[in-house]
Amino acid sequence: METSAGQAGAVRADDVRTRDRVTALLLEHGPQTASELAARLGVSPAAVRRHLDALAARGGVEERAAPGTQRGRGRPARRFHLTDAGRSGFAHAYDDLALTALRYVAASGGPDAVRAVAEAQLAGLERRASDAVARTSGAPVERARALAGALTAEGYAASASAIASGGQLCQHHCPVAHVAAEFPQLCEAETAVIGRLVGTHVQRLATIAHGDGVCTTHIPGPPHGVRDHTRAGNRSTPASPVPGERAARVPRTAPSTSTARSTPTSDRERTPA
């Protein structure tokens, strides 16, 4: 059993390597037929087609009729193209490009210019998410749940939940984490967007850009009754003190003070005599 499992694993590893070579050839040489790919790989066209079918099922490649070919008795020549999804598996320099651009913006216009770029970049996201949020109730936590669904559709893998102190919005992925690590204005602009969409002031507790495992945003929502208690506690002079509080305070102070003053004086007066 162990030998069979090991052989199966080796076969799968070989398949993965071959499919990686197929996609690399399509990237380097452009669209090709199965026969052309087979010749470059040194395998049979049937073997290549099996790998191409597997890649096509995952959306990595697609088959199209070669331009300029005419239909005759035989099957028209068809070439395999690498799709955008197939290209996404290769390295990109988008982060480097974004960092270079923002560094230039910062050097030219300062931090406010970077903030303006961040706000402009998030404006489209805010418009798209506002449609989903507008269909929910006015409660901030419910709006956060709708926002989480909209953010997930944008690639943020977000979720929202109610907690004792209100609500919490978590983003498990950040598409611009590497750039935001150097330019926190992106996180600040995103936090402002979240606050506007949920309809209340929010607080960022953690961000992926700064090394945390998830971007966490707290949505305050005090329980019923806390607001009145807080307002009363902020007054410098209570309008109606607790009954008995003032009376309880005076007896403790008056007797102790009078006793402290009268007793020593009486002792001093008696000493000379």
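Note: hydrogens, waters and symmetry copies are ignored here, and every other heavy atom, side chains too, is used. Numbering starts at 1 and runs along the sequence shown. Since this is a predicted model, take the numbers as computed values, not measurements.
Rounded to the nearest 0.5 Å, atoms CZ (R196) and NE2 (H201) are 13.5 Å apart. Put simply, OG1 on T18 and CZ on R21 are 6.0 Å apart, with the number rounded to the nearest 0.5 Å. Between the CZ atom of R17 and the NE2 atom of H51 there is a distance of 11.0 Å, given to the nearest 0.5 Å. Rounding to the nearest 0.5 Å gives a distance of 13.0 Å between CG of L82 and NE2 of H29. A distance of 11.0 Å separates CG in L147 from OG in S159, rounded to the nearest 0.5 Å. Distance check: R127 CZ to L122 CG gives 11.0 Å after rounding to the nearest 0.5 Å.
Residues I194 and I208 do not share a hydrophobic cluster, clusters being chains of Ile/Leu/Val/Met/Phe/Trp/Tyr side chains in contact below 4.5 Å. L186 and L125 fall into different hydrophobic clusters, where Ile, Leu, Val, Met, Phe, Trp and Tyr are joined by side-chain heavy atoms under 4.5 Å apart, directly or via other members. Under a hydrophobic clustering in which Ile, Leu, Val, Met, Phe, Trp and Tyr are joined whenever their side-chain heavy atoms come within less than 4.5 Å, directly or via other members, L41 and L26 fall into the same cluster. Under the 4.5 Å side-chain heavy-atom criterion for Ile, Leu, Val, Met, Phe, Trp and Tyr, Y104 and L102 are members of distinct hydrophobic clusters. A chain of hydrophobic side-chain contacts below 4.5 Å, direct or via other Ile, Leu, Val, Met, Phe, Trp or Tyr residues, connects F90 to F80.
Counting heavy atoms from C-beta outward, L169 and L151 have side chains that approach closer than 4.5 Å. Using a 4.5 Å heavy-atom threshold, the side chains of E28 and R40 count as separate. Looking at heavy atoms from C-beta onward, P220 lies out of side-chain contact with Q203 at the 4.5 angstrom threshold. Here the side chains of S130 and L197 are in contact, with some heavy-atom distance below 4.5 Å.
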Any chance you could lay out the side chain to side chain contact (heavy atoms under 4.5 Å, CB included) test for Y94 and H178, step after step, and finish with the verdict? CA-CA 10 Å; Y94 297 147; H178 292 93; over 6 Å; no
Give the C-alpha distance, both sets of side-chain angles, the deciding distance and a yes or no for side chain to side chain contact (heavy atoms under 4.5 Å, CB included) between L37 and L52. CA-CA 10 Å; L37 288 168; L52 289 168; 4.0 Å; yes
Side chain to side chain contact (heavy atoms under 4.5 Å, CB included) between Q32 and H81, worked out: CA-CA 7 Å; Q32 300 168 68; H81 295 243; over 6 Å; no
For a side chain to side chain contact (heavy atoms under 4.5 Å, CB included) check, start with the C-alpha distance between F183 and L99, then their side-chain angles and the critical distance, and finish with the verdict. CA-CA 9 Å; F183 295 98; L99 283 170; 4.0 Å; yes
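At most 12 non-hydrogen atoms from other residues, nucleotides or ligands lie less than 6.0 angstrom from CG of D84. Summarising the local packing, CZ of R58 is surrounded by 12 or fewer heavy atoms from other residues, nucleotides or ligands at distances under 6.0 Å.
Residue pairs satisfying the salt bridge (charged side-chain N to carboxylate O under 4.0 Å, His left out) criterion with at least one member in residues 172-188, sequence neighbours excluded, are listed as follows: R103-E182, R115-E188. Screening residues 139-164 for salt bridge (charged side-chain N to carboxylate O under 4.0 Å, His left out) gives R128-E154, E142-R145 as the qualifying pairs, with residues at least two apart or on separate chains.
Between the R50 side chain and the A46 main chain, no donor and acceptor come within less than 3.5 Å of each other. Checking side-chain atoms of T23 against main-chain N and O of R19 turns up a donor-acceptor pair under 3.5 Å. Looking only at distances, no side-chain donor or acceptor of T216 sits under 3.5 Å from a matching main-chain atom of L205. A donor-acceptor contact shorter than 3.5 Å is absent between the side chain of T33 and the backbone of R79. Using modelled atom types, no side-chain atom of R204 and backbone atom of T217 make a donor-acceptor pair closer than 3.5 Å.
Taking every heavy atom of both residues into account, A113 and V105 meet most closely at CB-CG1, 3.6 Å. Of all the heavy atoms in T207 and H210, the pair that sits closest is OG1-ND1, 2.7 Å. Taking all atoms of both residues into account, the shortest heavy-atom contact from A132 to A150 is CB-CB, 4.3 Å. Residues G155 and H173 approach most closely at O-CD2, 2.9 Å, considering heavy atoms. Residue A98 comes nearest to V179 through the heavy atom pair CB-CG2, 3.9 Å, listed as atom of the first residue, atom of the second, then distance. Between G59 and T83 the shortest heavy-atom distance is O-OG1, 2.5 Å.
Residues Q171 and E190 have side chains that bring a donor and an acceptor to within less than 3.5 angstrom of each other.
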